[in-house]
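Data first, discussion second: the structure below is written as structure tokens.
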Protein chains: 2
Amino acid sequence: MDKQTITIYDVAREASVSMATVSRVVNGNANVKPATRKKVLDVIEKLDYRPNAVARGLASKKTTTVGVIVPDVTNMYFASLARGIDDVATMYKYNIILTNSDSNGEKEVNVLNTLLSKQVDGIIFMGNEITDKLREEFKRTKTPIVFAGSVDEQNIYARVNIDYTAAVQEEVKNLIDRGNKRVAFVCGPLEQAINGQFRLKGYKQALKSAGIPYDDKLVFETDDTYKTGTLLQPALMSVNATAAMVTDDELAAGIMNGMSDAGVKVPDDFEIITSNDTKLTEMVRPKMSSITQPLYDIGAVAMRLLTKLMHNEPVDEKDVLLPYGLMKRESTK
Amino acid sequence: MDKQTITIYDVAREASVSMATVSRVVNGNANVKPATRKKVLDVIEKLDYRPNAVARGLASKKTTTVGVIVPDVTNMYFASLARGIDDVATMYKYNIILTNSDSNGEKEVNVLNTLLSKQVDGIIFMGNEITDKLREEFKRTKTPIVFAGSVDEQNIYARVNIDYTAAVQEEVKNLIDRGNKRVAFVCGPLEQAINGQFRLKGYKQALKSAGIPYDDKLVFETDDTYKTGTLLQPALMSVNATAAMVTDDELAAGIMNGMSDAGVKVPDDFEIITSNDTKLTEMVRPKMSSITQPLYDIGAVAMRLLTKLMHNEPVDEKDVLLPYGLMKRESTK
DNA sequence: GATTTAACTGAAAACGTTTTCAATTTGCTG
DNA sequence: CAGCAAATTGAAAACGTTTTCAGTTAAATC
């Protein structure tokens, strides 16, 4: 009546060998006589035996599961990374436990602890503001961690990103070269190092190279949402900005639609460049010019890196930078 | 040197009680004297003991983990469901193992088996074409399964959806009432029951009520992608369609942009209505009218239903239909 | 064919919990 | 304060694997 499970012991008995031998064939251990292997395999087939991964995890101290902490899967940027992660995880026989943190420090700590209690073999973290408390928790564990599409300004953790500073600098330079004297920098929370340090730095460098003084009235700190973007047009106009470097695609789409709705022509009256190159950039009209990032690859490479860490393989570079590009579409001249 | 872990045995010794007692206080069992509980709690705090979920899983046969099979997290529709699932999972102390199947029957079977070997307590499945092989695998397990946003034409599995047939019928009726004699039905793969049976049925019913003969030249079976949508304009024009009922938002956005690019005005020359009400509908211009679905809730309710199944609580209705709505935006007159 | 060596196999101890069942305490009752 | 029920506790057996170590068998050498 009850869920009767076939255990390794059952197949051992049926094949007249020991559990150890069954375990060996299941794990592909070479030290088994071919004839024995075949016999065991046949019984496994016949009994439809499936190894219990939990018991395996307890005995071997490996769960072949990795934890993935993401601010919100509903955000295309993170969804793309997550997809890359899952694909290479699958490739290496891992599964992922996916958890949404809403970039909330407390949730991040909780979630991290549950993942660790579940004995994940590794963790991929996304999120750009690392609270002290979180760093402390990270430090307490020996479980390998890699950041994906997320900077670590303390240079401690393995991570894979693009060079946000250079990319922003380059794009802002282009904007300036095209005659824009006042280009706005519209970003997510500045406490997030990726904005407040890396990207803002690129923005400032571009201004400096062009001999334009930095004006903090031109930087707009937002919550990265579409809705907020749609409301920004008046503020942007009031500081006489003629272009904007935006750090999130949905936010950028909001700004662009807000402009259009207010009769401001993009790109003729206002140029917009965005940062994540999600498919949204192509769906919106005009299509948005963007920094291109290999989103899927960032996730994929992060996961690959994590496998190396988990298997104690040597890694040459803990801070991997993937190439970025610049895709001109219709929101810039 | 080695990752020295504190076990339940360590705290038992330190608190001079038995493992059983420690286990009791960890699990909130009531039969522990308050003084003892406090003593144990103090030691747990002091030693920073964290229960090993794997060992727990082996002993109790519960992993507090559920498997989630999704075609592709990168699709906003599924990402929204997944978010709803994760949130209520967290609420009930579960974690989710998220796997992408690409709606590929073989992958689905593989993934299902890994999930089962990992002893997940339940499974949430998304995907609309259930191969015989997959059904067979489903049947073999006693692990509860619920479908989210996915139909089961055999009425076997617990599932939560909206009434796709009624929703489509209603919208097509509106299109017809507004004077469209030839409305196209543009959908994903017809093998998927949600399209080939439920939605198509609604389309046909609407035609029938209006006394319009069904013309299969007006149904366009696609792969649900944006790209495909952008290429559909000529075909749609060649059959003299003046409106389209589309089953996917990205696809619909593609069609709309394809129309606009070809100089066909939406909605004046061509009306479009889509089906999933993802945030994309608002980002695109003109904004797309859509059937509204409580995406997040579908996921949330599915997960809630699964918890009941996992805890052997009675469930009154295995086929839950959530309310849908119709949101008129700018792609219809 | 006797030795030596390499290949294969099995017994049993982990792994860190939960859970059953019996034993011990404690609190009441009269 | 004996007697009994209820509340607490602990011992030990699961749970289903992996892994170590010793033993056994087969192959190779002379």
Side-chain angles (χ1 to χ4, degrees), chain A residues 2-41 43-44 47-65 93 114 116-121, chain B residues 2-41 43-44 47-65 93 114 116-121 142-143:
Chain A
D2 224 32
K3 186 193 277 181
Q4 50 118 48
T5 36
I6 309 290
T7 74
I8 200 173
Y9 185 73
D10 296 319
V11 352
R13 182 167 22 73
E14 189 76 9
S16 345
V17 297
S18 71
M19 299 167 35
T21 298
V22 178
S23 176
R24 286 190 189 96
V25 348
V26 168
N27 291 293
N29 186 312
N31 293 335
V32 179
K33 192 171 16 173
T36 315
R37 177 186 309 281
K38 174 156 188 356
K39 187 172 56 177
V40 172
L41 250 19
V43 174
I44 286 179
L47 263 40
D48 190 29
Y49 163 71
R50 325 258 189 112
N52 177 323
V54 173
R56 239 211 264 236
L58 182 58
S60 69
K61 294 174 172 272
K62 304 229 165 301
T63 54
T64 62
T65 302
K93 313 279 185 204
T114 353
L116 292 176
S117 80
K118 293 214 169 170
Q119 315 297 118
V120 294
D121 296 339
Chain B
D2 222 34
K3 186 195 274 186
Q4 50 118 54
T5 37
I6 310 290
T7 73
I8 200 173
Y9 185 74
D10 296 318
V11 352
R13 182 165 22 73
E14 189 75 10
S16 347
V17 297
S18 71
M19 297 166 38
T21 298
V22 178
S23 175
R24 287 191 189 96
V25 348
V26 168
N27 292 294
N29 185 311
N31 295 334
V32 181
K33 197 177 3 176
T36 316
R37 177 186 307 280
K38 175 158 186 351
K39 187 171 58 178
V40 172
L41 251 17
V43 174
I44 286 178
L47 263 40
D48 191 28
Y49 163 72
R50 325 258 189 111
N52 177 322
V54 173
R56 238 210 264 236
L58 182 57
S60 69
K61 296 176 171 268
K62 303 228 165 302
T63 54
T64 63
T65 303
K93 311 281 186 203
T114 354
L116 292 176
S117 80
K118 293 213 170 173
Q119 316 294 121
V120 294
D121 296 338
K142 287 215 178 125
T143 307

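Numbered from 1 within each chain, the chains take letters A, B, ... in sequence-line order. The basis for the numbers below is simple: all heavy atoms, side chains too, and nothing from hydrogens, waters or symmetry mates.
With the nearest nucleotide of DNA chain D identified for both B:Thr36 and A:Val22, B:Thr36 has the one nearer the 5' end.
In this structure, the side chains of A:Thr21 and A:Lys39 stay at 4.5 Å or more apart for every pair of heavy atoms.
At the heavy-atom level, A:Ser23 lies under 4.0 Å from base atoms of the strands shown. Within the nucleic acid shown, A:Val17 comes within 4.0 Å of sugar-phosphate atoms alone, with no base atom in reach, counting heavy atoms only. Contact annotation for A:Asn52: backbone-only contact, meaning every heavy-atom pair under 4.0 Å involves sugar-phosphate atoms and none involves a base. Using a 4.0 Å heavy-atom criterion, one finds that B:Val32 contacts the sugar-phosphate atoms exclusively.
The A:Lys61 side chain lies nearest to C:dG16 when the options are D:dT9, C:dG16, D:dG10. In the set D:dC15, C:dG10, D:dT17, D:dC15 carries the atom at the smallest distance from any side-chain atom of B:Ala59. Listed candidates were C:dG16, C:dC8, D:dT8. Nearest to the side chain of B:Pro34 is D:dT8. Out of C:dG10, D:dT17, D:dT18, the shortest distance to the side chain of A:Arg24 is found at C:dG10. Taking every side-chain heavy atom of A:Ala20 into account, C:dG10 is the closest of D:dT18, C:dT17, C:dG10.
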Please tabulate the protein-to-nucleotide N/O contacts below 3.5 Å involving nucleotides 22-26 of chain C, giving atom names and distances.
none

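For the pair A:Ile8 CD1 and D:dT19 P, the interatomic distance rounds to 11 Å; values are reported in whole Å. The nearest whole Å value for the distance from the NZ atom in A:Lys118 to the P atom in C:dT17 is 15 Å. The interatomic distance linking B:Asn31 (CG) with C:dT19 (P) rounds to 14 Å, in whole Å. Between A:Lys38 atom NZ and C:dC8 atom P there is a gap of 18 Å when expressed in whole angstrom units. Rounded to whole angstrom, the span from the CZ atom of A:Arg56 across to the P atom of D:dC15 amounts to 19 Å. Protein atom CG of B:Leu58 is 10 Å distant from nucleotide atom C1' of C:dT18, rounded to whole Å. Distance B:Asn29 CG to C:dT20 C1': 13 Å, rounded to the nearest Å. Protein atom CE of A:Met19 is 8 Å distant from nucleotide atom P of D:dT18, rounded to whole Å.
In plain terms, the two heavy atoms of B:Ser117 and A:Pro51 that are nearest each other are CB-O, 3.7 Å. The heavy-atom pair separating B:Lys93 from B:Thr64 by the smallest distance is O-CB, 3.6 Å. Between A:Val120 and A:Thr63, the shortest heavy-atom distance links the atoms CA-OG1, 3.7 Å. Taking both residues in full, the closest heavy atoms of A:Tyr49 and A:Val11 are given as CG-CG1, 3.7 Å, listed atom of the first, atom of the second, then distance.
Contact annotation: A:Ser18 reaches the phosphate of C:dG10 (side-chain N/O to OP1 or OP2, under 4.0 Å). Taking 4.0 angstrom as the limit, A:Tyr9 places none of its side-chain polar atoms (N or O) nearer than this to OP1 or OP2 of C:dA12. For B:Thr7, no side-chain nitrogen or oxygen approaches OP1 or OP2 of C:dG16 to under 4.0 Å. A close approach under 4.0 Å does occur between a side-chain nitrogen or oxygen of B:Thr21 and OP1 or OP2 of D:dG10.
Formation of a donor-acceptor pair under 3.5 Å by the A:Ser23 side chain with backbone atoms of A:Met19 is not found in this model.
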Run B:Lys118 and A:Thr65 through side chain to side chain donor-acceptor pair (under 3.5 Å) and show every step you take. CA-CA 10 Å; B:Lys118 293 213 170 173; A:Thr65 302; 2.8 Å; yes
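The only member of B:Val22, B:Val43, B:Val25, B:Val32 that meets side-chain contact (heavy atoms from CB on, under 4.5 Å) when paired with B:Val17 is B:Val22.
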